[in-house]
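Have a look at the structure below before the remarks.
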There are 2 protein chains.
Amino acid sequence: MRHPTIEDVARTAGVSVATVSRALRDLPNVAVSTRDRVLTAARELDYEIDPQASRLASGRTMTIGLIAPLFGTWYVDRVVNGAESVLADAGYDLLITSTRTRESLSSFFDRIRSFGRRIDGALVIDLYVHGADLARLETLGVPAVTVGEDLGPYPSITIDNRRAGAEATRHLIDLGHRRIGLIGGSADSSFSSPVPERREQGWRDALETAGLPADPGLVVEGEFVVDGGERGLARLLSADDPPTAIFCMSDYMALGALIEARRRGIEVPRDLSIVGFDDHELSRPFGITTMRQDVDTIGTTAATVLNTLLCGDTPAVTQTVHDVTLVKRESTGPAPVR
Amino acid sequence: MRHPTIEDVARTAGVSVATVSRALRDLPNVAVSTRDRVLTAARELDYEIDPQASRLASGRTMTIGLIAPLFGTWYVDRVVNGAESVLADAGYDLLITSTRTRESLSSFFDRIRSFGRRIDGALVIDLYVHGADLARLETLGVPAVTVGEDLGPYPSITIDNRRAGAEATRHLIDLGHRRIGLIGGSADSSFSSPVPERREQGWRDALETAGLPADPGLVVEGEFVVDGGERGLARLLSADDPPTAIFCMSDYMALGALIEARRRGIEVPRDLSIVGFDDHELSRPFGITTMRQDVDTIGTTAATVLNTLLCGDTPAVTQTVHDVTLVKRESTGPAPVR
DNA sequence: ATGAAAGCGCTAACAG
DNA sequence: CTGTTAGCGCTTTCAT
């Protein structure tokens, strides 16, 4: 009980395999009546194209590589989710590979040629490489689109992190806050993303515009995780002149800050304002004011651009910068009067 | 600048392509010196096996299908993460397909034969099908392992939801609680998982064992999301004789309950005890007592069993039931005295 | 508009 | 232990 082949279809339709191949793929130069006959035969036999054979013959794999610090991070999962919906519709399989750790990244680089051979295109999510590493990435040898960072050679889908950081900070300044703390990324530069420093630059920008000093003592690391937010707030509050407001570079850290504040009996937003980043689904129930990025749309946009590329067309824009908008909730309020 | 083929390697190594094929795949019947020569030639030419050609010729695709309500749910992402680490090491690509919605499920069923042809095996996560749907699933035509539910024909990796539900409830009973609410799943039976009803049965079991009535008024739906927990608690507290403790079938709902309790000025655990399920990473910072399931291990176990199957071996056990353990934190305490 | 035929690059008998 | 020879099932010129 083998799978029927294209020859079986050709025989029962009374045509050649070439014609079957054409008819099934909606290529031109097939008479309507012939096409119908082929389609009927195919249906009758319950025929399906063998993907492996098709791939070998055509040279196209009909699969897209997803290169990302995969599975587990909210951001990546959402992007992938958005991309999947578009790419699946376009008939592409998704092949995933993880680059979260140093090892998995270098293992990816080791297998990059092999990886590149099994895909027609790639979506590169949250990968920050330059120089030699970027050169290695290019040995992929297929069209790619990057998400989260503009890597130069590829079309990119990003947000303006600096601007968003400034806007978050300005919101706090507008509320009358004058000492605004920052809970951000990591000093672990071995794997560094430029995102934290951009958001920090935005914080700096906003302070400067307001004529406020950017005190380095107001900047702590939070590693983008909940307990990073907890520890970060603890550190900030132990300073001589603690901030009355905090900009956290992710909602998870904002959540941690919220927890720590509560633990210390600090009332939010009366005693302390907190603004996060992402608009994670937990932010609404916890009333966290945040900078919203529409991650699903980022994913679908990336997929759409990649698809355009694969169709041989030139995308209208190669550098898409998505909006980030302030969502006001209950975690921010007027600066306390002293 | 084409890719070198096996023939190129054969030529420079001075052997036949068959020998190259054997040598490269570590098959027996190759002289050590020959193998060395081949390996050297391959390295020199920077040769890599063409996966498409290899697949067509061998009939094996070296890819595993991941069938899951993918991306976005904590549970699935963790399972996939665990599975990926094992399967990637075994040289398998992962092909993902989503079944979250009714449509995506039926679209999956429409493409199931085609899907089955591009994989050597499948990991079926959190898919609850029976009867005709199960029969359709079997048309996949490849070995599979199920996670989350024992579907009958396949080896399965599960937890004992009933027992875990009972244990959570017993913990509350042991603390002196006599009215114990339940925030659980959904009545939307079109897509029903048996998991909620099993956990509810466990709740019932524990109450019965303790000689306590299982008041249907104590059971509300929470949809496994945060605001479901919020609304659920609100509903439960509006009853005549509200519960002093709640068992939530997920940590997300427990979190929602915690939020709602706080909103109402109800102190946890003094006035109300809450136990969750999962041991989500947020549960520790929020001090939520929970039933911990080791989701990463579930994923690796599933992958390992599948791998065994694909090697043609019979797995030692076909029904693996993973432990669920009570993690006591700060959200549960003695029942309030009245 | 259709068919014949030559691959795509590898694996797997089979023979030696 | 090694080489020869068929395929695997489809796509794609090139004729007609």
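Every chain is numbered from 1 and lettered A, B, ... according to where its sequence line falls, protein lines coming before strand lines.
Taking atom CZ of B:Arg25 as the reference point, atom C1' of C:dC10 lies 8 Å away to the nearest angstrom. Regarding B:Met62, its CE atom lies at a distance of 22 Å from the P atom of D:dC8, rounded to whole Å. Here C:dC10 presents its C1' atom at 15 Å from NE2 of B:His3, a figure rounded to the nearest Å. Note: CD (B:Glu7) to P (D:dG3) measures 13 Å, nearest angstrom. Between A:Asn29 atom CG and D:dA15 atom P the separation is 17 Å, expressed in whole Å. Rounded to whole Å, the distance from CG on A:Asp26 to C1' on C:dA1 is 16 Å. Remark: C1' of C:dG9 and CG of B:Leu24 are 13 Å apart, rounded to the nearest angstrom. Atoms CZ (A:Arg60) and C1' (C:dC8) sit 13 Å apart, rounded to a whole Å.
In this model, the phosphate group of D:dT2 is approached by a side-chain N or O of B:Thr34 to a distance below 4.0 Å at OP1 or OP2. Contact annotation: A:Ser16 side-chain N/O to C:dT2 OP1/OP2 distance is not under 4.0 Å. Contact check, B:Ser21 against C:dT11: a side-chain N or O comes under 4.0 Å of OP1 or OP2. For the OP1/OP2 pair of D:dT11 and a distance below 4.0 Å, the side-chain nitrogens and oxygens of A:Ser54 include at least one atom meeting the criterion. Between C:dA1 and A:Arg35, no contact under 4.0 Å exists linking OP1 or OP2 to a side-chain N or O.
Where B:Leu56 and B:Ser33 each meet DNA chain D at their nearest nucleotide, the meeting point lying more 5' is that of B:Ser33. DNA chain D is contacted by both A:Arg22 and A:Pro4; A:Pro4 maps to the nucleotide lying nearer its 5′ end (nearest heavy atom per residue).
The side chain of B:Ser58 sits closest to C:dA12 out of C:dA1, D:dC1, C:dA12. Relative to the side chain of B:Ala53, the nucleotides D:dG9, C:dA1, C:dG9 differ in distance, and C:dG9 lies closest.
Comment: B:Arg55 does not engage B:Asp50 in a salt bridge, judged by the lack of any side-chain N to carboxylate O separation of less than 4.0 angstrom. Using a 4.0 Å cut-off between a side-chain N of Lys or Arg and a carboxylate O of Asp or Glu, A:Asp296 and A:Arg78 qualify as a salt bridge.
Across all strands, A:Asp50 comes closer than 4.0 Å only to sugar-phosphate atoms, never to a base (heavy-atom distances). Across all strands, A:Ala18 comes closer than 4.0 Å to base atoms (heavy-atom distances).
Between the side chain of B:Arg117 and the base of D:dG9, no donor-acceptor pair of N or O atoms lies under 3.5 Å.
A:Val142 is not listed as a side-chain neighbour of A:Asp120, based on a closest heavy-atom distance of 4.5 Å or more.
Of the N and O atoms on the side chains of B:Ser114 and B:Arg118, at least one donor lies less than 3.5 Å from an acceptor on the other residue. Side-chain atoms of A:Thr308 and A:Asp313 include no donor-acceptor pair closer than 3.5 Å.
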